2 protein chains.
Amino acid sequence: MVGQLAADSIERRSGVSLWRQIADKILHAIAIGDFAENAALPPEVALAERYGVNRHTVRSAIAALVQEGVLRAEQGRGTFVLSRKRLSYPIGARTRFSAGLQGQASERHTVLLTSSVEPASQRVAEGLGLARGTDVIRLETRGEADGRPVSRAAGWFEARRFAGIDAAMTATGSITVSLARFGIDDYLRQSTMLSARHADAADLADLDLQPGAIVLVTVSVNVTPDGQPIQFSESRFPAERVELKLSAL
Amino acid sequence: MVGQLAADSIERRSGVSLWRQIADKILHAIAIGDFAENAALPPEVALAERYGVNRHTVRSAIAALVQEGVLRAEQGRGTFVLSRKRLSYPIGARTRFSAGLQGQASERHTVLLTSSVEPASQRVAEGLGLARGTDVIRLETRGEADGRPVSRAAGWFEARRFAGIDAAMTATGSITVSLARFGIDDYLRQSTMLSARHADAADLADLDLQPGAIVLVTVSVNVTPDGQPIQFSESRFPAERVELKLSAL
DNA sequence: TATAGTTGTCTATATCAATAGACAAATTTA
DNA sequence: TAAATTTGTCTATTGATATAGACAACTATA
C-alpha cells in the first residue's frame with residue numbers, strides 16, 4: 001500500500017464530468033505527496049469501487065492524465081505516476097522567479113514571448129500611478145521549470161522611463177537584471193491580489209493545460225524601496241503544477 | 001451598454017460542461033466589477049451569440065446562477081445581477097478575520113461549528129512542532145459576511161497548553177480574544193501555502209456552493225512573536241465570493 | 001506452465017448535455 | 001393599442017458521458 005486517495009464522494013449533474021473530477025482528485029493526491037514518483041496507482045477496478053463509478057469512467061480520467069503526461073499506463077502491469085509534487089512557488093516582498101525554485105527543479109528560466117507598447121488601461125494606469133492612456137511597455141513572459149510551463153505573466157512598465165527594457169530582457173532573460181540597467185537595484189512587491197478560476201482558451205495554450213484545469217491568478221505591483229511604482233503585472237499559474245508559498249511580504 | 005463579458009471562447013469536450021463554463025465567466029465578470037449591482041445582463045440571445053452556443057445552453061448557465069442567488073430573472077424584463085463584487089480577504093502577517101473586512105460587508109462574524117480533541121496527524125504535528133499523536137484541540141469554524149459563508153477553517157492547538165479554548169471561542173466568538181485568555185497578546189502568520197481545486201462534497205455543504213465551484217485553500221502556521229507555534233490551520237474560501245489580498249508585514 | 005491480476009478493446013444501452021425550432025407570457029416602447 | 005423585446009416552456013434530435021458485460025492481451029508469480 002503506497003498512496004491514499006480521498007474517499008469523499010463526487011458530484012453528479014454538476015456541470016463537471018465524473019472523469020474530470022476523478023482526474024482532479026488523482027492530481028491532487030499526487031500533488032500533496034500521497035504517491036511517490038513511479039508509484040503504482042490502485043488498479044482501475046479498485047478506483048472505480050472507491051468512487052462508486054464504472055471502471056470505464058476511471059479509464060477516461062486516467063486517459064486524460066496519460067495525455068497530460070502525469071501518468072503512464074502499462075498493460076498487464078499497472079498505471080504509474082510520472083510527475084513529481086507540485087512546485088512551491090514563493091510569493092513575498094522580494095520574490096524573484098528562479099531564485100525561489102532552487103532545489104525543486106534542475107532547470108528553470110524565463111522566456112520573453114512578446115513585447116509591445118500600448119496605452120495604459122485603467123487598471124494598469126492605477127497600478128503604476130500614471131494617467132490613463134500613457135504609453136507603457138508590455139512584456140509577456142513564460143516561466144518554465146524542467147521544460148514545463150509553470151507561470152505565464154504580463155508585466156507593464158512606463159515606456160518613457162524604461163525604453164529598451166524589452167531588449168534588455170531578451171539579452172539577459174531576467175527582469176531583475178534588466179531593471180538593474182535602469183538603476184533599479186532593489187524592488188519590493190507592494191500588493192498582490194489573488195484569485196482562482198477555470199482555465200480559458202488562452203491559459204490552455206499558454207500553459208499547456210488540458211481543458212477543465214484551474215489557474216491561480218495574481219495581480220501585483222512592484223515598487224522601489226521608496227514606494228515608487230515600477231511594474232504592474234498579472235501572472236497565471238497552473239494549480240495542478242504549482243502552489244504558492246506566501247512568505248514575509 | 002453596461003458590462004463587458006470576456007469574448008474568449010469556451011472549450012468543448014473538456015469534461016466541464018458549456019453551461020458551467022459560461023456560468024463561471026458571468027461570475028467572473030460580476031466579480032471584477034463589469035456589472036454593477038442590479039445591472040441587467042445582456043439578453044440570452046446576445047450571450048448565446050457571443051459564446052457561440054445555443055440559447056438553451058445560456059439558459060442552463062443562468063438557471064444555475066439564479067439557483068445560487070447570484071442572478072434574478074424576470075420574464076419580459078431581463079436578467080439582473082443580485083450579488084456584489086467579491087470580498088477582498090486580507091492575508092498578511094497579522095490577519096484577523098473580521099478586522100480586514102471592514103467596509104466590505106455590514107455584518108460579519110465567525111461561528112464555531114465543532115470542537116474536538118484528537119491525536120495530531122503528521123502534518124499538524126510538524127506544523128506545531130509536536131510529536132505525532134500528541135493531543136490537539138481541533139476547532140471548526142465558519143466565517144460569514146452578510147449572511148453568506150466566505151470561509152471555512154479548521155484550526156489545531158496543543159491540547160495541554162490551550163485546554164478550554166473551545167469554550168472561550170464559544171463565549172467570545174473570536175480566536176484572537178480567546179488566545180488572549182491564554183496570555184497570547186500577539187501572534188504572527190509564519191507561513192502560508194496556497195492552492196486551488198474543485199470543491200468537493202464537503203466544501204459544497206460547508207460553504208453553500210454549487211457543484212463545479214472552485215475553492216482557494218490556505219494552510220498556515222501562526223506563531224508568537226518569538227517564533228513559538230501556537231496554531232496550525234487549513235482554510236477554504238469560495239473563489240467566486242472571495243479573493244485574497246496579500247498585504248505587507 | 002498454469003493462474004491470477006492487470007490494462008486494452010469491443011458492443012450495447014441509458015442518461016445528460018447541447019442544438020434546433022416554435023410559440024406562449026410578460027414587459028416596455030412606439 | 002400595437003409592436004418589439006425579453007424570458008419561459010414545450011417537442012424533437014444529436015452527440016458526449018456513464019454504465020454494463022464480455023473477452024483479449026500482457027505481466028508477474030506460484
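FYI, side chains are in, hydrogens and waters are out, and symmetry mates aren't considered; it's all heavy atoms of this structure. Since the structure is predicted, the reported quantities are computational estimates derived from the model, not experimental observations. So you know, we letter chains A, B, ... as the sequences are listed, proteins then strands, and number each from 1.
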Subject >> Listed partners of A:Ala205 passing side-chain contact (heavy atoms from CB on, under 4.5 Å), at least two apart >> reply: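 By the side-chain contact (heavy atoms from CB on, under 4.5 Å) rule, A:Ala205 matches no residue at all.
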Original post:
Who are the side-chain contact (heavy atoms from CB on, under 4.5 Å) partners of B:Thr218, not counting sequence neighbours?
Top reply: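 So B:Thr218 forms a side-chain contact (heavy atoms from CB on, under 4.5 Å) with B:Thr192, B:Leu194, B:Ser235, B:Phe237, B:Leu244.
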Whole-Å distance between [N] [atom2] and [X] [atom1]?
X: A:Leu47; N: C:dT7; atom1: CG; atom2: C1'; answer: 13 Å
X: B:Arg59; N: D:dT6; atom1: CZ; atom2: P; answer: 14 Å
X: A:Ile62; N: C:dT9; atom1: CD1; atom2: P; answer: 14 Å

**OP:** Please collect all ring-ring contact (aromatic ring centres under 6.0 Å, His included) contacts where either partner lies in residues 193-215 of chain A, sequence neighbours excluded, each pair once.
**Re:**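 Found A:His198-B:His198.
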Restricting both atoms to N or O, compile the protein contacts to nucleotides 17-24 of chain D shorter than 3.5 Å, with distance only.
| unit_1 | atom_1 | unit_2 | atom_2 | d |
| --- | --- | --- | --- | --- |
| D:dA18 | OP1 | A:Leu18 | N | 2.4 |
| D:dT19 | OP1 | A:Arg12 | NH1 | 3.4 |
| D:dT19 | OP1 | A:Arg12 | NH2 | 3.0 |
| D:dT19 | OP2 | A:Asn54 | N | 2.9 |
| D:dT19 | OP2 | A:Thr57 | OG1 | 2.3 |
| D:dA20 | N6 | A:His56 | NE2 | 3.2 |
| D:dG21 | O6 | A:His56 | NE2 | 2.5 |

Subject >> N/O (side chain, A:Arg77) to phosphate O (OP1/OP2, D:dA28) under 4.0 Å >> reply: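 Yes, A:Arg77 has a side-chain N/O under 4.0 Å of OP1/OP2 on D:dA28.
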Please tabulate, for the side chains in residues 62-76 of chain A, all donor-acceptor contacts under 3.5 angstrom to protein atoms that are two or more places apart in sequence or on a different chain.
| unit_1 | atom_1 | unit_2 | atom_2 | d |
| --- | --- | --- | --- | --- |
| A:Arg72 | NH1 | A:Glu74 | OE2 | 2.3 |
| A:Glu74 | OE1 | A:Arg77 | NE | 2.9 |

**OP:** List in chain and number order the residues that pass salt bridge (charged side-chain N to carboxylate O under 4.0 Å, His left out) with A:Asp208, two or more places apart in sequence or in another chain; answer none if no residue qualifies.
**Re:**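 By the salt bridge (charged side-chain N to carboxylate O under 4.0 Å, His left out) rule, A:Asp208 matches no residue at all.
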Subject >> Residues that A:Arg55 engages under salt bridge (charged side-chain N to carboxylate O under 4.0 Å, His left out), provided they are two or more places apart >> reply: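 Scan of A:Arg55 (salt bridge (charged side-chain N to carboxylate O under 4.0 Å, His left out), adjacent residues dropped) gives A:Glu44.
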**OP:** Go through residues 64-74 of chain B and report each residue with a non-hydrogen atom lying under 4.0 Å from DNA chain C, sorted by number.
**Re:**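 Output list: empty, so none.
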Original post:
Below 4.0 angstrom, N of the basic side chain to O of the carboxylate: do A:Glu140 and A:Arg152 qualify?
Top reply: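 Result for this pair is yes, salt bridge flagged.
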Could you give the side-chain donor-acceptor pairs of residues 112-120 of chain A under 3.5 Å, partners two or more places apart or in another chain?
| unit_1 | atom_1 | unit_2 | atom_2 | d |
| --- | --- | --- | --- | --- |
| A:Ser115 | OG | A:Asp166 | OD2 | 3.4 |
| A:Glu118 | OE1 | A:Arg138 | NH1 | 3.3 |
| A:Glu118 | OE2 | A:Trp156 | NE1 | 2.7 |

